[in-house]
There are 2 protein chains.
Amino acid sequence: MSRETPAIGRPRAFDEAVVLDRATEVFWRHGYEGASLNVLTAAMGINRPSLYAAFGSKEELFRRAFARYHETKVADARAALDQPTAYAAIEVFLRSSANGLTTGDHPRGCLSIQGGLACSPENTHVAEVLAAGRAATEQALEERLHRAAAEGDLPDGVDARALARFVMTLSEGHAVHAAAGASCEELQASVDIALRAVGRPG
Amino acid sequence: MSRETPAIGRPRAFDEAVVLDRATEVFWRHGYEGASLNVLTAAMGINRPSLYAAFGSKEELFRRAFARYHETKVADARAALDQPTAYAAIEVFLRSSANGLTTGDHPRGCLSIQGGLACSPENTHVAEVLAAGRAATEQALEERLHRAAAEGDLPDGVDARALARFVMTLSEGHAVHAAAGASCEELQASVDIALRAVGRPG
DNA sequence: AGGCAACTCTACCGCTCGGTACACATCGTG
DNA sequence: CACGATGTGTACCGAGCGGTAGAGTTGCCT
């Protein structure tokens with residue numbers, strides 16, 4: 001498995017985390033199926049056998065890349081849920097994700113969306129992995145809003161599940177817009193409007 | 001060419017509109033790159049040379065399919081812009097698109113999104129065609145809202161462009177959610193929330 | 001009837017895909 | 001220093017890709 005240093009044999013000439021980040025960027029830009037092994041290995045700076053020895057297969061590489069993406073980029077947005085109020089949590093979630101979708105040293109948009117919504121028949125489980133990642137984020141949002149409801153932090157009659165879905169949906173739409181070239185300011189203006197639907201901070 | 005009946009030579013054994021609709025469904029389900037010629041021709045019920053004689057190339061077939069999609073499915077949602085008020089236009093637009101994304105005799109989601117957000121380097125213009133289609137719809141929404149502003153049908157200070165982008169963004173997010181299995185009712189609940197941001201009818 | 005134009009069908013093209021065999025290089029250990 | 005274990009590099013595999021050649025088929029026109 002070669003996760004911990006083996007202490008015997010020829011040592012690896014690359015840093016696994018570094019090449020994984022480079023692979024992530026290729027998947028992010030071209031999607032799972034659009035990322036060929038030639039492009040991947042060129043960006044990672046290693047050869048195919050090294051890639052296969054370290055990651056097993058293209059799909060396994062993608063899963064690792066997506067997991068790492070989730071632990072870093074998506075976690076930034078999820079940190080918004082630590083805000084003290086539901087309103088603040090939603091606002092920070094939408095603003096920080098809008099920011100992450102359009103700025104920074106990486107492709108525009110979101111790997112969870114760019115990775116591949118539609119796939120050829122033999123790769124449908126890749127799309128499912130991505131959908132599961134998005135659903136997990138929505139679930140976290142929903143739990144945060146349920147807690148807010150229990151704390152009296154949401155107006156009576158607000159459906160936490162529907163509100164979480166609304167927020168997540170908007171964020172996904174922003175990802176689509178960002179990939180098509182929308183600016184951060186444009187997305188933030190959209191967030192301004194969405195927040196009017198959420199209600200005043202309480 | 002063969003768009004009008006040529007009156008000479010062997011007549012075509014298939015209806016161009018029918019096979020184009022079948023191709024549309026394959027692209028819709030698998031995306032541009034995920035739709036192989038084998039799957040396409042099998043679904044269309046014709047052989048490759050017939051496909052190439054009638055449509056020229058896979059990309060040209062896709063453009064035709066997308067154009068037809070726009071003239072039919074997207075046009076249904078666009079018809080919402082004929083509503084007498086801006087609020088009604090937005091509501092009907094969102095509700096009818098949510099409906100179209102989840103019901104009917106076709107794949108879930110939207111071809112403009114499923115077709116391919118991310119592509120391999122040689123197919124980037126396919127993604128651009130799809131983005132241009134979405135931008136055209138957003139543009140139509142914006143123009144409708146500008147008209148509403150001129151008619152005093154929108155509260156003062158409302159940014160028609162931002163509002164159009166918000167509505168379109170939500171609809172794109174709904175397309176992502178629909179492809180992942182969300183029900184029509186779930187999307188409609190999200191529309192309920194969004195409409196709170198738009199303001200009262202009037 | 002005969003000729004020609006358009007369409008259909010089988011079988012193939014070159015290319016790229018994801019994945020791998022095998023020889024060689026580089027390490028720790030006896 | 002030889003050995004075994006592991007990583008690297010080249011060159012390759014079968015399969016599937018988008019696209020097409022060329023022979024055979026079916027119609028209208030004179």
Side-chain angles (χ1 to χ4, degrees), chain A residues 1-20 23 26-27 30-65 115-116 118-126, chain B residues 1-20 23 26-27 30-65 115-116 118-126:
Chain A
M1 297 314 159
S2 67
R3 297 299 304 274
E4 64 275 1
T5 43
I8 194 166
R10 180 171 174 174
R12 205 163 256 171
F14 58 89
D15 181 335
E16 198 170 295
V18 168
V19 301
L20 190 55
V26 174
F27 284 129
H30 299 304
Y32 175 71
E33 293 187 327
S36 70
L37 282 181
N38 277 340
V39 172
L40 281 167
T41 52
M44 298 164 83
I46 65 178
N47 319 68
R48 287 153 175 259
S50 299
L51 189 158
Y52 277 82
F55 301 101
S57 70
K58 182 187 179 185
E59 181 172 339
E60 207 53 46
L61 171 66
F62 179 78
R63 294 180 119 100
R64 292 274 305 276
C119 290
S120 60
E122 65 264 27
N123 288 321
T124 48
H125 39 316
V126 168
Chain B
M1 303 309 145
S2 65
R3 296 300 302 277
E4 63 274 1
T5 42
I8 194 166
R10 180 172 174 175
R12 202 163 257 171
F14 59 91
D15 181 335
E16 200 170 294
V18 168
V19 301
L20 190 55
V26 174
F27 284 129
H30 298 304
Y32 175 72
E33 294 186 328
S36 70
L37 282 180
N38 277 340
V39 172
L40 281 167
T41 52
M44 297 164 85
I46 64 177
N47 318 70
R48 287 153 174 257
S50 299
L51 190 159
Y52 277 82
F55 300 101
S57 71
K58 183 187 178 186
E59 180 172 338
E60 207 52 46
L61 170 66
F62 179 78
R63 295 181 119 100
R64 292 276 303 275
C119 290
S120 60
E122 64 264 27
N123 287 322
T124 48
H125 39 316
V126 168

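Numbered from 1 within each chain, the chains take letters A, B, ... in sequence-line order.
In this structure, B/N38 reaches the D/dC17 phosphate: one of its side-chain N or O atoms is under 4.0 Å from OP1 or OP2. OP1 or OP2 of C/dT8 has at least one side-chain nitrogen or oxygen of B/S50 nearer than 4.0 Å. In terms of phosphate contacts, A/Y52 brings a side-chain nitrogen or oxygen within less than 4.0 Å of OP1 or OP2 of C/dG19. Contact between the side-chain N/O atoms of A/N47 and the OP1/OP2 oxygens of D/dG9 is found at a separation under 4.0 Å.
Atom CZ in A/F55 sits about 14 Å away from atom P in C/dG19, given to the nearest Å. Summarising the geometry, the separation between CG on A/L51 and C1' on D/dT10 is reported as 16 Å, rounded to the nearest angstrom. The separation between A/F27 atom CZ and C/dG18 atom P is 9 Å, rounded to whole Å. A/K58 places its NZ atom 19 Å from the P atom of D/dA15, with the value rounded to the nearest Å. The nearest whole Å value for the distance from the CD atom in A/E60 to the P atom in C/dG18 is 16 Å. At whole-Å resolution of the value, CG in A/L61 and C1' in C/dC17 are 16 Å apart. Look at CE on A/M44: it is 11 Å from P on D/dT8, rounded to the nearest Å. Note: CG (B/N123) to P (C/dT16) measures 13 Å, nearest angstrom.
Side-chain atoms of A/K58 do not come within 3.5 Å of backbone N or O of A/S36 as any donor-acceptor pair. Within the 3.5 Å criterion, the main-chain N or O of B/E33 finds no donor-acceptor partner in the side chain of A/E33.
Here B/R48 pairs with nothing under the salt bridge (charged side-chain N to carboxylate O under 4.0 Å, His left out) rule; sequence neighbours left out.
Using a 4.0 Å heavy-atom criterion, one finds that A/P49 contacts the bases of the nucleic acid, with or without backbone contacts as well.
Scanning atom types as modelled, no donor and acceptor separated by under 3.5 angstrom connect the side chain of A/R10 and the base of D/dT8. With hydrogens and angles ignored, a donor-acceptor pair under 3.5 angstrom links the side chain of B/R48 to the base of D/dG18.
Taking the charged nitrogens against the carboxylate oxygens, B/R63 and B/E59 do have a contact shorter than 4.0 Å, which makes a salt bridge.
Sequence order on DNA chain D of the closest nucleotides to A/F14 and B/E33 puts A/F14 first from the 5' end.
Taking the six-membered ring where the residue is Trp, A/Y32 and A/F27 present parallel rings, their angle staying beneath 30° rather than reaching 60°.
The side chain of A/R12 sits closest to D/dG7 out of D/dG19, D/dT6, D/dG7.
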